[in-house]
Amino acid sequence: MLERKQLKGRTQVTFVLPADSPDGSVSVVGDFNHWNPAAHPLQVRGDGMRAATVVLPAHCSHSFRYLAAGDFWFDEDQADGHDGSNSRVNT
């Protein structure tokens with residue numbers, strides 16, 4: 001799930017997954033963090049979900065995927081679109 005909050009000239013995007021699906025650690029990786037899995041690991045939040053928040057320029061589109069333990073790559077079902085193997089988020 002993607003949560004958005006508009007800021008002045010930017011958009012705060014929170015990438016949210018259930019706490020146990022998939023098992024193990026998960027990171028969101030994309031063109032906004034140079035596909036670096038260490039940049040935005042999802043952390044457990046108070047509601048039991050896992051999330052990572054990224055602030056991106058407004059009025060842009062970015063490619064991303066999730067990377068789970070065991071080199072398991074997967075897409076966001078509720079993404080704004082897809083460009084081949086990547087999910088897309090629009091700000």
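As the structure is a prediction and not an experimental result, all values here were calculated from the model. In what follows, residues are counted from 1 in the order of the sequence shown.
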Look only at the side chain of Arg50 and the backbone of Pro18, and say whether a donor-acceptor pair between them is shorter than 3.5 Å.
-> yes

Interatomic distance, CZ@Arg10 vs NZ@Lys5, rounded to 0.5 Å, equals 10.5 Å

Is Ser87 reaching over with its side chain to a backbone N or O of Glu76, donor-acceptor style, under 3.5 angstrom?
-> yes

For Ala69 and Gly24 the tightest heavy-atom approach is CB-CA, 4.5 Å

Under-4.0 Å salt bridge between Asp80 and Arg4 | yes

So which heavy atom on Pro57 is nearest to which on Thr91, and how close?
-> O-OG1, 2.6 Å

So Arg65 and Asp75, side chain to side chain contact (heavy atoms under 4.5 Å, CB included) or not? Walk me through it.
-> CA-CA 5 Å; Arg65 294 193 82 194; Asp75 293 318; 2.9 Å; yes

Minimal non-hydrogen separation, Thr11 against Gln6, with atom names | OG1-OE1, 3.1 Å

State yes or no: do Phe72 and Tyr66 share one hydrophobic cluster built from I, L, V, M, F, W and Y residues joined by side-chain heavy-atom distances below 4.5 Å, directly or via other members?
-> yes

Could you tell me whether Asp83 and Arg88 make a salt bridge, using a distance below 4.0 angstrom between a side-chain N and a carboxylate O?
-> yes

Closest non-hydrogen atom pair between Pro41 and Ala52, with its separation | O-CB, 3.7 Å

State yes or no: do Trp35 and Val26 share one hydrophobic cluster built from I, L, V, M, F, W and Y residues joined by side-chain heavy-atom distances below 4.5 Å, directly or via other members?
-> no

Between the CD atom in Gln78 and the CD atom in Glu3, the distance rounded to the nearest 0.5 Å is 10.0 Å

Is Val13 reachable from Val29 through a run of hydrophobic residues whose side-chain heavy atoms are each under 4.5 Å from the next?
-> no

State whether the side chain of Ser63 and the backbone N or O of Gly30 hold a donor-acceptor pair below 3.5 Å, judged by distance alone.
-> no

Donor-acceptor pair, side chain of Thr14 and main chain of Thr53, under 3.5 angstrom = no

Looking at Leu2, Asn33, Asn86, Asp31, which one forms a side-chain contact (heavy atoms from CB on, under 4.5 Å) with Phe64?
-> Leu2

Between Leu56 and Leu7, is there a shared hydrophobic cluster once you connect ILVMFWY residues whose side-chain heavy atoms come closer than 4.5 Å?
-> no

Give, for atom OG of Ser27 and atom CG of Asn36, the distance between the pair rounded to the nearest 0.5 Å.
-> 8.5 Å

Cluster check Met1, Val55: I/L/V/M/F/W/Y, side chain < 4.5 angstrom | no

